[in-house]
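Take a look at the structure set out below.
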Amino acid sequence: MAEDFKVTPWEVTGDIDYDLLQERFGTTPIDGALLDRMSRYGEIHPMLRRGIFYSHRDMVRILDDYDKGERFTLYTGRGPSGNTHLGHLMPWIFNKWIQDTFDVPMYFQMTDDEKFLFKDLTLEDTKRMAYENALDFAALGFDPDKTRIIVDTENIDTLYPLALKVAKKVTFSTAKAVFGFDNSTNIGSIFFTAIQAAPAFLESEIRGRPVPCLIPCGIDQDPHFRVTRDVAPGLGYPKPSLIYCKMFPGLSGGDKMSSSDENATIYTTDGPKAVRKKVGKAFTGGCVSVEEQREKGGNPEVCAVFKYFYYLFEEDDSKLDELADSCRRGEILCGECKMRLTERINVFLEDHQAKREEARDIVDSMAFGGFEWNKEAKR
Ligand code: TRP
């Protein structure tokens, strides 16, 4: 059943129909014309070419402004509820490409407050995770001079006046309609969307003039930014533009990699053995027996292993097509494909983990307003 899925900022279930979701949310498809336009600024990123970043709001305006010499500020974020996995890295990698391609400053918001409010975690837990997650973010090589990390409970003095302005314009009935809150929802959760809206207006506030803002993120965050965009004109700020990606798939065949399915989730700190084990158990499009697969071939369309190559681990289109073809012809079997993917992931993680260690020095300089990271409780 196509309708049988749910996507909210806090819950993703079912088989996501991304076209239908786009329709429900009212976002605009990234079409050929927009891709052509974007390719003028640099070689188009595979995630755009492959329709992983597939939907947007007001992307054209951002580019029009940019062409007139008006630089936008990038904004994205992370709710620090656990260790970083590959699904989190995917949109950050895209953000890094935008920063490099357009040479723009960026804010990264870590919503330790959100995860405290919505999950069974203490503020100490979420603060500690913020530091651990920030290392993964910084490891991707964002420009330390142009990138600031906001931790909500550390930077609340900056965020609060902006959040208040937003909160005054959002009624309880809007919050209920957009997020499905009811009378049992704690009041912090109801207020929270105002905190996530704040960084979209931060650069305008600091500069004292309207500065365009672009937010590349998962489409599950759209409810927050619908609200943000609705209130912006009334507050004298430009509506932020958005560019949305699909969820990074889980290894067990699900539509979203999630820490609730540990064995189908690859963390940035996983070692080679763990990766091999997890990829080994992945859901594939293979047949029950080798004989049958040699004869009938596999189905890359449904295969989690193939999706990993598609999303992150094979940037070369012709090599990707070759892989799909040889799978369909029954030439390459699941075992070999899994071995190749394991190798790719391990090479990537070895490099990432080294950079993650180096990032310990970098994140200090990225702390917005120079706050002290909570490293004390670090594991
Ligand atoms: N709410 C997001 C999460 O749970 C974190 C976040 C804050 C975010 N600001 C953002 C994500 C801006 C994308 C863009 O992960």
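Read the numbers this way: they start at 1 and go in the same order the structure lists the ligands and their atoms. None of the values given here were measured: they were computed from a predicted structure.
- Ring-plane geometry between Trp10 and Phe118 is classed as parallel, the angle between the planes falling under 30 degrees on a 0 to 90 degree scale with a further cut at 60.
- Counting protein heavy atoms only, atom 7 (C) of ligand 1 is closest to Gln109 OE1, 3.2 Å.
- When each atom of ligand 1 is checked for a heavy atom of Ile215 under 4.0 Å away, the hits are 14 (C).
- Ring pair Phe108/Trp92 is perpendicular by interplanar angle, where above 60° counts as perpendicular and below 30° as parallel.
- From the protein, the heavy atom lying nearest to atom 2 (C) of ligand 1 is Gln221 OE1, 3.4 Å.
- For the residue pair Tyr107/Glu203, the side-chain donor-acceptor check at 3.5 Å is satisfied.
- Note: an N/O pair closer than 3.5 Å links Glu114 and ligand 1 by distance alone.
- Proximity of Phe225 to ligand 1, defined as any heavy-atom pair under 4.0 Å, is confined to the side chain (atoms from C-beta onward).
- The closest non-hydrogen atom to atom 11 (C) of ligand 1, taken over Gly79, Gly77, Pro240, comes from Gly77.
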Ile52 and Phe94: CA distance, side-chain angles, deciding distance, side-chain contact (heavy atoms from CB on, under 4.5 Å) verdict:
CA-CA 10 Å; Ile52 296 166; Phe94 185 76; over 6 Å; no
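- If you check the side chains of Tyr41 and Asp67, you find a donor sitting under 3.5 Å from an acceptor.
- Residue Thr76 touches ligand 1 through backbone and side chain together, judged by heavy-atom distances below 4.0 Å.
- Checked by atom type, the side-chain pair Gln353/Thr268 shows no donor-acceptor distance below 3.5 Å.
- Looking at ligand 1, you'll find an N or O of Tyr75 within less than 3.5 Å of one of its N or O atoms.
- Listed by number with element, the atoms of ligand 1 under 4.0 angstrom from any heavy atom of Thr111 are 5 (C), 7 (C).
- By the 6.0 Å and 45° rule, Lys176 does not stack over the aromatic ring of Phe181.
- Between Phe179 and His224, the ring-plane angle classifies as tilted under the 30° and 60° cut-offs.
- Looking at Arg78 against ligand 1, only its backbone comes within 4.0 Å, counting heavy atoms.
- Distances below 4.0 Å separate heavy atoms of Lys115 from the following atoms of ligand 1: 4 (O).
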